[in-house]
Structures are given as structure tokens and as C-alpha cells.
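Note on naming: letters A, B, ... go to the chains in the order of the sequence lines (proteins, then strands), and numbering restarts at 1 for each one. Since we're looking at a predicted model, the values are computed, not measured.
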Number of protein chains: 2
Amino acid sequence: MNKNDIKNAGLKITLPRTKILKILETSEKRHMTAEDVYRILLADDEGAIALATVYRVLTQFEAADLVIRHNFESGQAVFELNNNEHHDHMVCMRTGKIVEFHDEIIEQRQREIAKKHGFKLVDHALTLYGEFEESPKMNKQ
Amino acid sequence: MNKNDIKNAGLKITLPRTKILKILETSEKRHMTAEDVYRILLADDEGAIALATVYRVLTQFEAADLVIRHNFESGQAVFELNNNEHHDHMVCMRTGKIVEFHDEIIEQRQREIAKKHGFKLVDHALTLYGEFEESPKMNKQ
DNA sequence: ATCAATGCAAAAACTTTGCACTGAT
DNA sequence: ATCAGTGCAAAGTTTTTGCATTGAT
């Protein structure tokens, strides 16, 4: 619930933070760069919010586990709201479209592999790169 | 075979390119940043090679499939020689140590997931982040 | 001789930081 | 009133680019 999330993170409830959180919650794109967020703020806005603030807030949200930061191939960090349902990503190299998926077999295998190597697994990132075929019948994002 | 690889890529055989390729082949670290390579060049060297050249050469090698570029969480790109044996990575968050692995079950699952989503799979990256336990008994790099 | 490759310095792209001002509690 | 949060501009980091010179064929 929006503002409580901010408060629970030990952060004060300010305009930049509520706006940024709302953008992440309501944007049709689930995966956004700091610039993406900044541009939306510029558009819908009365008082400007600095790009530096967007970065600061996103970084704080990440630290509070409200948001997940991804480093896809683009070189630009991408942020998404953390809904606590772990998932991986398929990234379309043509359109940039991102689709999430989750596969328990893969998850399980990863745990086994880590164990076999004496590796304490903290996190992982699996990203498939390719192209969606024309006339997509499913999923948005 | 060293120089042939360079020639086959349509590139002229020059000192920077042969040196950089040799560093990638012989360094005990298999995964190196441009800076890593540059620093080795500085150390063992008579004539200096510019960092810009290192980036250019690595990018050309990547285009020629001689080298694979990774974007791990560090924010700094990491390069490794392409030995044409696909593998994924475990990255130690404490020491930076990188261990490669390959799991056919995961590979197979990825192909199935892509197919199910009408996604033409071109490439993928799976990276496990965590920590290796003390007294490693196996594997290097 | 020709055109690709290089060094150097400058720029670009993305992100972070210092500092004085503003705002939440 | 206090101290966290913000805007702005400046700096940091990593990577790329322009251009004159050098070097491979």
C-alpha cells in the first residue's frame, strides 16, 4: 500500500517518492529506466523533479526491496516494482518488449547446482534474448 | 589459432590485437574488464596501448565472436574468450570469483519456455550471485 | 601507396555527489 | 526546530568518437 511502503522503508513521505512509486505502479511498462520515470515526471508535472532525485529515490527503493534493479544488455539500469514473486525475463531484441516468466524446474536446478559447488545462492538473473514472433496473442508488458 | 582468428575476422594482424588476444588466452583470470586487460598491457610493455584501443579491439573481437561480453552486476563489462562451449556463471559477491557451469536441463527448459511464448531464442544469460564457502576444493575461475 | 588501425584527448552516456535551500515531522 | 530530502550543477565512471599519425599489406 503505497505510502506505507515508503514509511516502512524508514523514508519520509515526500512528493517525489510518492510520485515515483505511483509511476512504477501504474505505468503500462513494468520495466523502466531512471530516464523513463524522469520523462513521465516532466510530462505530467507542475513542479519539476530532478533526475538526480529519481536516481536517489530508485536506489533507496531498491535498498528497501520495494524495487528491483536489472542490468540487461542495454547498459542502462532498469527498475521494476518488487511484487515478491520472483521471475525471470525474456527481452525482445527488436522491440524491447519484456515478458516475465517463472519456471520451478529451472529454479530447482539452480539450487542444486549451487549446492554442488558449495555456493550460497543469494540471487540470480536469467534473461532470454531473442525475438517475439509477429501477431502476439498473449501477454503485455 | 591466435593470428588466424584475427585474420578470419577480417581484421589486420597488429600488435595491439595479438597482445590482447594472448592476454585473454593466457591470463589466469578468464573473465576480464577492459581495464584489467589494459593494466596488464601497461605492466608487461614497451610501447603503450591506449585504453580506447583495448575497448575497440574487444568490441571487434566480440563482433567476430572471438570474445563474449558479459554485463554482470558490477556495471563494468566483462570479457571472456569464446570457446564455443556455452556456459553460465556463478559470481561470488565477496571475492569476485567466477565459476562457469552448464546444465542441459536448464538449457532444455529455456528452449521450451521460449517456444511456448512464440519467442525465437537467440541468446541467454544466467548468472547466479552468492558466496562460495571457505576452503574451496575444486575448480578455478 | 592505400586504407585500416592507433594514440590521444575530447565527448558521450549514465550515475553519483556536494552543497545550500526546502520541507516533513 | 530539526534533520532528512531536494534541486542544481559539478564530478565520477565507463565507454565511444574525431582526428591526425602510424602501420600492415
Using atom [atom1] of [X] as one end and atom [atom2] of [N] as the other, report the distance to the nearest whole Å.
| X | N | atom1 | atom2 | answer |
| --- | --- | --- | --- | --- |
| A/I20 | D/dG5 | CD1 | P | 13 Å |
| A/I49 | D/dA9 | CD1 | P | 17 Å |
| A/Y38 | C/dT15 | OH | P | 14 Å |
| B/E62 | D/dT16 | CD | C1' | 14 Å |
| A/K19 | C/dG23 | NZ | C1' | 15 Å |
| B/L51 | D/dT15 | CG | P | 9 Å |

*For the ring pair A/F72 and A/H89, is the centre-to-centre distance below 6.0 Å?*
yes
Among [options], the one nearest [X] by side-chain distance:
| X | options | answer |
| --- | --- | --- |
| B/P16 | C/dT6, D/dT15, D/dG23 | C/dT6 |
| B/R17 | D/dT15, C/dT25, C/dA4 | C/dA4 |
| A/A52 | C/dA5, D/dT16, D/dC8 | D/dC8 |
| B/K12 | C/dA5, C/dT15, D/dC8 | C/dA5 |

Distance test, side-chain N/O of [X] to OP1/OP2 of [N], below 4.0 Å:
| X | N | result |
| --- | --- | --- |
| B/T14 | C/dA4 | no |
| B/Y55 | D/dT16 | no |
| A/R56 | D/dG5 | no |

*Measure from NZ or CZ of A/K120 to the centre of the six-membered ring of B/F132 and say whether it is under 6.0 Å with the direction within 45° of the ring axis.*
no
Quiz item: Given side chains that start at C-beta, do those of B/K19 and B/I49 come closer than 4.5 Å, heavy atoms only?
Solution: yes
Which part of the nucleic acid does A/A77 contact within heavy-atom distance under 4.0 Å: base, sugar-phosphate only, or nothing? sugar-phosphate
Open item on the list: Classify B/L15 by what it touches in the nucleic acid, base, sugar-phosphate, or nothing, heavy-atom distance under 4.0 Å.
Closed with: nothing
- Message: Applying side-chain contact (heavy atoms from CB on, under 4.5 Å) to B/H124 and B/E107, what does each step give before you reach the verdict?
- Response: CA-CA 9 Å; B/H124 73 265; B/E107 302 289 322; 3.1 Å; yes
Comparing A/V57 with B/K7, nearest DNA chain D nucleotide closer to 5' gives the residue A/V57
Result for 5'-nearest mapping on DNA chain D, choosing between B/N71 and A/A50, is A/A50
(message) Strictly below 4.0 Å, N to O, side chains only: are A/R69 and B/E73 in salt-bridge contact?
(response) no
